[in-house]
Amino acid sequence: MNKIKKGDVVARKSYNKDIIFVVDRIINNKIVILTGITTRLKADSPIEDLVLIDKADVNNIYKEINKRIEGDIDKSLIQKNSFFKRSDKVIYTGKILHLDGDKRYSDKSNMYYKKIGLNAIVRNVSENRQANVVNTLIDRYNPDILIITGHDGMIKNGKSYEDIYNYRNSRYFAQTVKNARKSSKGKNLVIFAGACQSYYELLIDAGANFASSPARILIDFMDPLVVAKKFAITDNNKFLTIYDIEDELRDGERGINRNRRKWYKKNIEFIILIIK
């Protein structure tokens with residue numbers, strides 16, 4: 001058997017290889033910390049449960065990611081140009097500040113924004129450091145839209161949806177949102193926060209306008225970009241709701257939403273029934 005090392009692309013045998021990960025780090029040659037390639041998920045696994053993904057398959061995965069990004073760029077350019085043509089006045093796109101815990105996603109996000117022609121600052125900052133730098137960055141760049149994301153996930157065998165310590169990075173995202181709202185320049189920001197399986201209610205209560213993940217599902221790596229883009233090219237006089245965005249999100253309201261607790265509670269009961 002090939003030895004698993006940092007940077008390898010792997011899948012978990014016990015999960016029928018359903019998600020493809022990159023090996024982030026290895027603890028005592030036993031436990032491997034993983035980050036998703038196409039999902040914003042962080043997980044851990046016994047090293048013996050992992051299988052290496054063939055290099056050809058890895059190349060195909062990255063090609064598919066790039067294809068999806070380019071496809072959305074083309075579609076977004078059409079939407080943006082159409083939006084400007086319909087307007088009889090000068091429209092300034094909102095300035096985006098995007099903090100991302102994943103270097104690969106940071107680079108792709110930066111490329112995405114630039115190709116569309118959006119005014120965006122992207123910074124690769126680990127999830128546990130985002131709260132420390134967010135106010136300095138808000139004061140420096142004075143953004144209209146703040147994206148706080150990276151990787152998250154529920155800890156295996158975690159039983160309480162309301163226990164903050166059952167989530168890998170939700171507490172860091174929430175503190176970053178709180179710090180952003182305390183800034184004099186952060187009070188009127190549009191804020192999206194979260195990643196896969198994030199503690200949605202915590203993020204909304206912290207002050208996020210949109211957050212993931214109401215149904216505790218995996219979100220697509222492009223979902224935060226969709227939110228940022230939609231707000232950036234929308235006239236300030238228009239009020240955006242989830243219904244203006246959901247068709248462009250992979251899982252619609254189940255993955256990202258505003259504060260809709262009744263919807264959440266009903267669906268969590270359904271999810272718990274399935275788990276049982």
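Computed from heavy atoms alone, side chains included, the values below leave out hydrogens, waters and symmetry copies.
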(request) Dump the intermediate steps for side-chain contact (heavy atoms from CB on, under 4.5 Å) on Leu225 and Ile69, then the final yes or no. (result) CA-CA 10 Å; Leu225 303 182; Ile69 292 174; 5.9 Å; no
(request) Inspect the surroundings of NZ in Lys185 and state if more than 12 heavy atoms from other residues, nucleotides or ligands are less than 6.0 Å away. (result) yes
(request) Identify whether the distance between the nearest side-chain nitrogen and carboxylate oxygen of Asp44 and Arg168 falls below 4.0 Å. (result) yes
(message) Taking Arg68 first and then Asp72, would you say they form a salt bridge - that is, a charged N and a carboxylate O separated by under 4.0 Å?
(response) no
(message) Please check this pair: side chain of Lys103 against backbone of Asn124, looking for a donor-acceptor N/O pair closer than 3.5 Å.
(response) no
(request) Return yes if some donor-acceptor pair links the side-chain N/O of Asp49 with the main-chain N/O of Ser14 below 3.5 Å, else return no. (result) yes
(message) Can you confirm whether Lys108 sits close enough to Asn66 that some side-chain heavy atom of one is under 4.5 Å from a side-chain heavy atom of the other?
(response) yes
(request) Consider only side-chain N and O atoms of Asn60 and Glu64, and report whether a donor and an acceptor are under 3.5 Å apart. (result) no
(message) With a 3.5 Å distance limit and no angle check, can you tell me whether Gln130 reaches the backbone of Thr149 through a side-chain donor-acceptor pair?
(response) yes
(message) I'd like to know if the side chain of Tyr105 reaches the main chain of Ile37, judged simply by a donor and an acceptor atom lying under 3.5 Å from each other, with no hydrogens or angles considered.
(response) yes
(request) Determine whether Leu249 and Ile233 fall in the same hydrophobic cluster, where Ile, Leu, Val, Met, Phe, Trp and Tyr are linked whenever their side-chain heavy atoms lie under 4.5 Å apart. (result) yes
(message) Membership question, hydrophobic clusters at under 4.5 Å side-chain separation (ILVMFWY): are Tyr62 and Ile53 in the same one?
(response) yes
(message) If hydrophobic residues (ILVMFWY) are linked whenever their side-chain heavy atoms come closer than 4.5 Å, directly or via other members, who joins Ile33 in its cluster?
(response) Ile27, Ile31
(message) Keeping Asn169 on the side-chain end and His151 on the backbone end, is there a donor-acceptor pair under 3.5 Å?
(response) yes
(message) Can you tell whether the side chains of Arg40 and Asp100 come within less than 4.0 Å, N to carboxylate O?
(response) yes
(message) So Tyr172 and Ile148, do their side chains get closer than 4.5 Å, heavy atoms only?
(response) no
(message) If you count heavy atoms of other groups shown closer than 6.0 angstrom to CG of Asp54, is the number above 12?
(response) yes
(message) Under a plain distance cut-off of 3.5 Å, with no hydrogens placed, do Asp152 and Tyr199 share a side-chain donor-acceptor pair?
(response) no
(message) Does this structure show an ion pair linking Glu201 with Arg216, if we count only N-O contacts that are shorter than 4.0 Å?
(response) yes
(request) Measure the shortest side-chain to side-chain distance between Leu50 and Asp8 over non-hydrogen atoms and say whether it is less than 4.5 angstrom. (result) no
(request) Give the intermediate values and the outcome of side-chain contact (heavy atoms from CB on, under 4.5 Å) for residues Ile65 and Phe221. (result) CA-CA 9 Å; Ile65 290 173; Phe221 74 100; 3.6 Å; yes
(message) Testing the basics here: between Gly194 and Ser212, what is the closest heavy-atom pair and its distance to 0.1 Å?
(response) C-OG, 3.1 Å
(message) Looking at Ser126 and Gly101, would you say the former's side chain and the latter's main chain have a donor-acceptor pair under 3.5 Å?
(response) no
(message) Looking at every non-hydrogen atom in both residues, tell me the closest pair between Ile138 and Ser183 and how far apart they are.
(response) CG2-OG, 3.7 Å
(message) So Ile121 and Pro143, do their side chains get closer than 4.5 Å, heavy atoms only?
(response) no
(request) Take atom CG of Asp18 as the centre, draw a 6.0 Å sphere, and report whether it contains more than 12 heavy atoms from other residues, nucleotides or ligands. (result) yes
(request) Just jot down the ring pair (Phe, Tyr, Trp, His ring centres under 6.0 Å) partners of Phe231, sequence neighbours excluded, or say none. (result) Phe210
(message) Please say yes or no: joined through hydrophobic side-chain contacts below 4.5 Å, possibly via intermediate residues, are Tyr167 and Phe173 part of one cluster?
(response) no
(message) Assigning hydrophobic clusters by single linkage (Ile, Leu, Val, Met, Phe, Trp, Tyr; side-chain heavy-atom cutoff under 4.5 Å), is Ile145 placed with Val133?
(response) no
(request) Quick one: list whatever passes ring pair (Phe, Tyr, Trp, His ring centres under 6.0 Å) with Phe21, sequence neighbours left out. (result) none
(request) Using the rule that two of Ile, Leu, Val, Met, Phe, Trp, Tyr join whenever any of their side-chain heavy atoms come within less than 4.5 Å, decide whether Met111 and Met222 are in one cluster. (result) yes
(request) State, with a plain yes or no, whether a side-chain heavy atom of Tyr112 is found less than 4.5 Å away from one of His98. (result) no
(message) For the NZ atom on Lys115, are there more than 12 heavy atoms of other groups (residues, nucleotides or ligands in this structure) within a distance under 6.0 Å?
(response) no
(message) Is any side-chain heavy atom of Ile256 closer than 4.5 Å to one of Val226?
(response) no
(request) Report yes if some heavy atom in the side chain of Arg181 is under 4.5 Å from a heavy atom in the side chain of Ile191; otherwise report no. (result) yes
(message) Can you give me the closest heavy-atom contact between Gly255 and Pro214, atom names plus distance?
(response) O-CD, 3.4 Å
(message) Show the nearest heavy-atom pair for residues Ala211 and Ile204, with the distance to one decimal.
(response) CB-CD1, 4.0 Å
(message) Quick check against the 3.5 Å criterion: does Ser198 have a side-chain atom that pairs as donor or acceptor with the backbone of Ser213?
(response) no
(request) Find out whether Thr38 and Ile20 are in side-chain contact, i.e. whether some heavy atom of one side chain is under 4.5 Å from a heavy atom of the other. (result) no
(request) Check Asp107, Asn110, Ile96 against Val122 for a side-chain contact (heavy atoms from CB on, under 4.5 Å) and give me the one that passes. (result) Asn110
